[in-house]
Amino acid sequence: MAVSESDRRDAAEAMCPHRLVLEHVTSRWGVLVLIRLLDRPHRFSELRRAIGRVSEKMLTQTLQTLERDGLVHRDAQPVIPPRVDYSLTGLGREAAEQVRTLALWTEKRMPEVQQARAAYDAARIRPEQG
């Protein structure tokens, strides 16, 4: 009997729920969505443009995951054409502020990271050449 993706997700969540939420918050697209929504609510298309290089499918999945975790609120307006806005919940704002702090630290420390990478790469190349 095949195990469905939903059953696998439920099993993983039951074993270690906080790790799963951490994965969602710190995923490539999760980080960018949370940081972007800190400024203000966004419609799907403007969020996609603001983030850049994310497929419609991945952005949809990321938003649904963050909504399921209680971090993002989806507000569908009953108008024509349909209007859907995404915003952070209180919990989402708290997570986004933490993620933004890490992102700012990364930006600030990038020169040191690049130096460390260069030193590491140089040390790995030299022994092979000798």
Side-chain angles (χ1 to χ4, degrees):
M1 180 177 180
V3 178
S4 74
E5 181 62 32
S6 176
D7 289 341
R8 272 189 227 128
R9 183 183 67 218
D10 291 345
E13 219 172 308
M15 290 189 305
C16 210
H18 68 279
R19 288 176 84 176
L20 194 57
V21 173
L22 185 62
E23 282 180 34
H24 299 162
V25 169
T26 61
S27 71
R28 177 181 184 181
W29 304 118
V31 166
L32 298 175
V33 165
L34 290 171
I35 290 172
R36 186 57 61 179
L37 290 177
L38 261 173
D39 296 334
R40 63 177 177 79
H42 282 70
R43 293 177 76 173
F44 183 90
S45 57
E46 67 180 343
L47 187 57
R48 186 170 178 216
R49 277 192 305 276
I51 291 172
R53 297 185 320 176
V54 61
S55 70
E56 191 171 314
K57 179 182 177 183
M58 276 310 306
L59 183 55
T60 298
Q61 288 175 352
T62 299
L63 287 165
Q64 287 173 343
T65 298
L66 295 173
E67 182 182 6
R68 182 172 184 259
D69 288 342
L71 305 176
V72 168
H73 174 71
R74 181 181 185 273
D75 183 25
Q77 300 291 321
V79 295
I80 298 174
R83 179 185 173 106
V84 179
D85 291 306
Y86 294 91
S87 60
L88 294 174
T89 63
L91 192 60
R93 179 160 296 284
E94 189 178 332
E97 288 169 354
Q98 298 298 318
V99 170
R100 180 175 57 186
T101 299
L102 180 59
L104 292 172
W105 175 87
T106 303
E107 187 178 324
K108 179 181 176 183
R109 297 300 191 179
M110 199 59 210
E112 292 161 277
V113 170
Q114 289 172 323
Q115 283 180 326
R117 287 178 177 174
Y120 178 88
D121 292 346
R124 300 217 12 126
I125 291 171
R126 267 188 242 123
E128 293 173 10
Q129 293 177 346

**OP:** Let me see the working for R53 and R28 under side-chain contact (heavy atoms from CB on, under 4.5 Å), right down to the final yes or no.
**Re:** CA-CA 11 Å; R53 297 185 320 176; R28 177 181 184 181; 3.8 Å; yes
Subject >> Check: L37 and L47 side chains under 4.5 Å, non-hydrogen atoms >> reply: yes
**OP:** Determine whether more than 12 heavy atoms belonging to other residues, nucleotides or ligands lie under 6.0 Å from atom CZ of R43.
**Re:** yes
Original post:
Can you tell me how far the NE2 atom of H18 sits from the CD atom of E23, to the nearest 0.5 Å?
Top reply: 10.5 Å
**OP:** Look up atom CE in M110 and atom CD in E107, then write down how far apart they are to the nearest 0.5 Å.
**Re:** 10.5 Å
Original post:
Could you give the distance from CZ (R83) to CZ (F44), rounded to the nearest 0.5 Å?
Top reply: 15.0 Å
Subject >> Distance in Å, R93 CZ paired with L71 CG, rounded so as to fall on 0.5 Å steps >> reply: 12.5 Å
**OP:** Using the rule that two of Ile, Leu, Val, Met, Phe, Trp, Tyr join whenever any of their side-chain heavy atoms come within less than 4.5 Å, decide whether L102 and W29 are in one cluster.
**Re:** no
Original post:
For L22 and T26, which heavy atoms make the closest approach, and how far apart are they?
Top reply: O-OG1, 2.6 Å
**OP:** Heavy atoms only: give me the nearest R19-C16 pair and the separation to one decimal.
**Re:** CD-SG, 2.9 Å
Subject >> Exceeds 12 heavy-atom contacts within 6.0 angstrom, atom CD of E97 >> reply: yes
Original post:
So, for H24 and L66, which heavy atoms are closest and what is the spacing to 0.1 Å?
Top reply: O-CD2, 4.0 Å
Subject >> L20-V99 co-clustered via ILVMFWY side chain contacts under 4.5 Å >> reply: no
Original post:
Looking only at heavy atoms, which two atoms of A96 and L88 are closest? And how far apart?
Top reply: CB-CD1, 3.8 Å
Original post:
Do you know which two heavy atoms are closest between D75 and H73, and how far apart they sit?
Top reply: CB-NE2, 3.8 Å
Original post:
Is V84 linked to M58 within one hydrophobic cluster, defined over Ile, Leu, Val, Met, Phe, Trp and Tyr using a side-chain heavy-atom separation of less than 4.5 Å?
Top reply: yes
**OP:** List the atom of G70, the atom of T89, and the distance in Å for their closest heavy-atom pair.
**Re:** O-OG1, 2.5 Å
Subject >> Distance (rounded to the nearest 0.5 Å) between I125 CD1 and Y120 OH >> reply: 11.0 Å
Original post:
Distance from R48 atom CZ to H42 atom NE2, nearest 0.5 Å?
Top reply: 14.5 Å
Subject >> Connected via hydrophobic side-chain network under 4.5 Å: L104 and L32 >> reply: no
